[in-house]
K.L.:
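Sending over a structure as structure tokens; questions will come in a sec.
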Amino acid sequence: MSTEPVTSIGSGEPVALVTGAAGGLGRALVAGLEADGWTVAAAARRGGRFAADLAERGSAGALVGRVIDRFGRLDLLVPNHAYMRMAPVDAHPIDDWWRVVDTNLTGSFRLARAAAPHLLRTGGSIVFVSSEWGVTGWPNASAYAASKAGLIGLTKALARELAPGVRVNAVAPGVIDTPQLRVDADAAGVTLDEIRRRYAAATPLGRIASPAEIAATIRFLVSPEAGYYTGQVLQPNGGTTMA
């Protein structure tokens, strides 16, 4: 599969902004995009080349501005940052609900709003990182599932609004073997190995995904071969949801 990026202005390497770059999927995506010839602005609250807390008002615009100041262009936005807390609906603090929604959904919207004018100039694209739980829901994860479902709606709305200049797609992965699984394990009162085993047992392919597999799906969506994809939600999940 060729993953040579498409660009329409200027010369040199195209520029991608990836948030949540310090996590398992973020690191795999940054490495994969760089191998494909992208210059990657890797952003994270901690451990990224660009520091940003996307739950804070004004941080998205400032982050995009720093990327433009540094590289002069933007060809791809992947809002991969996420915050998750699991709790029963009657026990989830409302302030924490808003932290989940503000980080995962509102932060992604603010990034897209700030990035859109630059992506229109380059003929770029956006790939939102939703979740299978945004499609199916999940017990004790109402805030997280709602925020990820919101990203699917945002994907479809922006795909129509920004066409034909910018393609907008999303991935809604199943369970990925990343440090975020610690939240699931703690909520279930089991070890990390046990939560991996449980999720693998519930998956038709008998395992959970590696970060590199999900990163490969995103890399496909920004490749020339995916040039006719917009407003689509790809679901790499090992068969747990078949739709």
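Counting begins at 1 with the first residue of the sequence.
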K.L.:
Sequence neighbours left out, what passes salt bridge (charged side-chain N to carboxylate O under 4.0 Å, His left out) with R70? Give chain and number order.
P.N.:
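Scan of R70 (salt bridge (charged side-chain N to carboxylate O under 4.0 Å, His left out), adjacent residues dropped) gives none.
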K.L.:
Could you give me the CA-CA distance, side-chain angles and deciding distance for I214 and V129, then say whether side chain to side chain contact (heavy atoms under 4.5 Å, CB included) is met?
P.N.:
CA-CA 10 Å; I214 309 307; V129 180; 5.9 Å; no
K.L.:
Going by salt bridge (charged side-chain N to carboxylate O under 4.0 Å, His left out), name the residues that satisfy it together with R99, two or more places apart in sequence or in a different chain.
P.N.:
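Salt bridge (charged side-chain N to carboxylate O under 4.0 Å, His left out) list for R99, sorted by chain: empty.
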K.L.:
State, yes or no, whether a side-chain contact exists between L162 and V168 at a heavy-atom distance under 4.5 Å.
P.N.:
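Counting from C-beta outward, L162 and V168 do come under 4.5 Å.
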K.L.:
Is the backbone N or O of T191 less than 3.5 Å from a side-chain atom of E194, with the two atoms forming a donor-acceptor pair by type?
P.N.:
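Absent.
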K.L.:
Just how far is it from atom CG of D184 to atom CD1 of I195, taken to the nearest 0.5 Å?
P.N.:
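Nearest 0.5 Å value for the CG-CD1 distance: 5.5 Å.
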K.L.:
List the residues meeting salt bridge (charged side-chain N to carboxylate O under 4.0 Å, His left out) with E56, not counting sequence neighbours, and say none if there are none.
P.N.:
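E56 satisfies salt bridge (charged side-chain N to carboxylate O under 4.0 Å, His left out) with no residue once adjacent residues are dropped.
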K.L.:
Mind checking the CZ-CE spacing from R182 to M84? Nearest 0.5 Å is all I need.
P.N.:
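CE of M84 is found 13.5 Å from CZ of R182.
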K.L.:
Using side-chain heavy atoms (C-beta onward) and a distance below 4.5 Å, is L33 in contact with L76?
P.N.:
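Sidechains of L76 and L33: in contact.
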K.L.:
Report the C-alpha separation of I218 and N80 in whole Å, then their side-chain angles, then the decisive distance to 0.1 Å, and conclude whether the side chain to side chain contact (heavy atoms under 4.5 Å, CB included) test is met.
P.N.:
CA-CA 11 Å; I218 297 172; N80 174 59; 5.8 Å; no
K.L.:
Between the side chain of S147 and the main-chain N/O of L105, is any donor-acceptor distance below 3.5 Å?
P.N.:
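Looks like no, no N/O pair under 3.5 Å.
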K.L.:
How would you list, by chain and number, every residue that makes a side-chain hydrogen bond (donor to acceptor under 3.5 Å, both in side chains) with D177, sequence neighbours excluded?
P.N.:
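D177: side-chain hydrogen bond (donor to acceptor under 3.5 Å, both in side chains) contacts with R196.
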K.L.:
Measuring from atom OG1 of T241 to atom CD of Q235, what distance do you get when rounded to the nearest 0.5 angstrom?
P.N.:
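Spacing of OG1 (T241) from CD (Q235) equals 6.0 Å.
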K.L.:
Would you say the side-chain atoms of N104 pair up with the backbone N or O of Y83, donor to acceptor, closer than 3.5 Å?
P.N.:
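Pair found, side chain donor or acceptor close to backbone of Y83.
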K.L.:
Verify, without hydrogens or angle tests, whether T203 (side chain) and L205 (backbone) share a donor-acceptor contact under 3.5 angstrom.
P.N.:
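Not at all, since once roles are kept as given, no pair shorter than 3.5 Å links the two residues.
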K.L.:
Under the ring pair (Phe, Tyr, Trp, His ring centres under 6.0 Å) rule, collect the residues that match up with W98, sequence neighbours excluded.
P.N.:
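Result, ring pair (Phe, Tyr, Trp, His ring centres under 6.0 Å) vs W98: none returned.
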K.L.:
Hey, mind stepping through I152 and K156 against side chain to side chain contact (heavy atoms under 4.5 Å, CB included) and telling me if it holds?
P.N.:
CA-CA 7 Å; I152 292 174; K156 295 177 180 182; 4.0 Å; yes
K.L.:
Tell me the side-chain hydrogen bond (donor to acceptor under 3.5 Å, both in side chains) pairs involving residues 84-94, sequence neighbours left out?
P.N.:
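Residue pairs passing side-chain hydrogen bond (donor to acceptor under 3.5 Å, both in side chains), neighbours aside: H92-D96.
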K.L.:
A quick test of your reading: do over 12 heavy atoms of other residues, nucleotides or ligands sit less than 6.0 Å from OH of Y229?
P.N.:
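No, the 6.0 Å shell around OH holds no more than 12 heavy atoms from other groups.
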K.L.:
So how far is it from L54 CG to D102 CG, rounded to the nearest 0.5 Å?
P.N.:
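That separation rounds to 11.0 Å.
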K.L.:
Are any non-hydrogen side-chain atoms of L111 and L63 less than 4.5 angstrom apart?
P.N.:
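Counting from C-beta outward, L111 and L63 do come under 4.5 Å.
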K.L.:
So, applying side-chain contact (heavy atoms from CB on, under 4.5 Å) with V18, which one of L77, V40, L25 is it?
P.N.:
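Exactly one pass, corresponding to V40.
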K.L.:
Measure the spacing between OG1 of T230 and CG of L221 and express it to the nearest 0.5 Å.
P.N.:
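One finds 10.0 Å between OG1 of T230 and CG of L221.
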K.L.:
Any heavy-atom pair between the side chains of R57 and R110 that's under 4.5 Å?
P.N.:
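R110 reaches R57 side chain to side chain.
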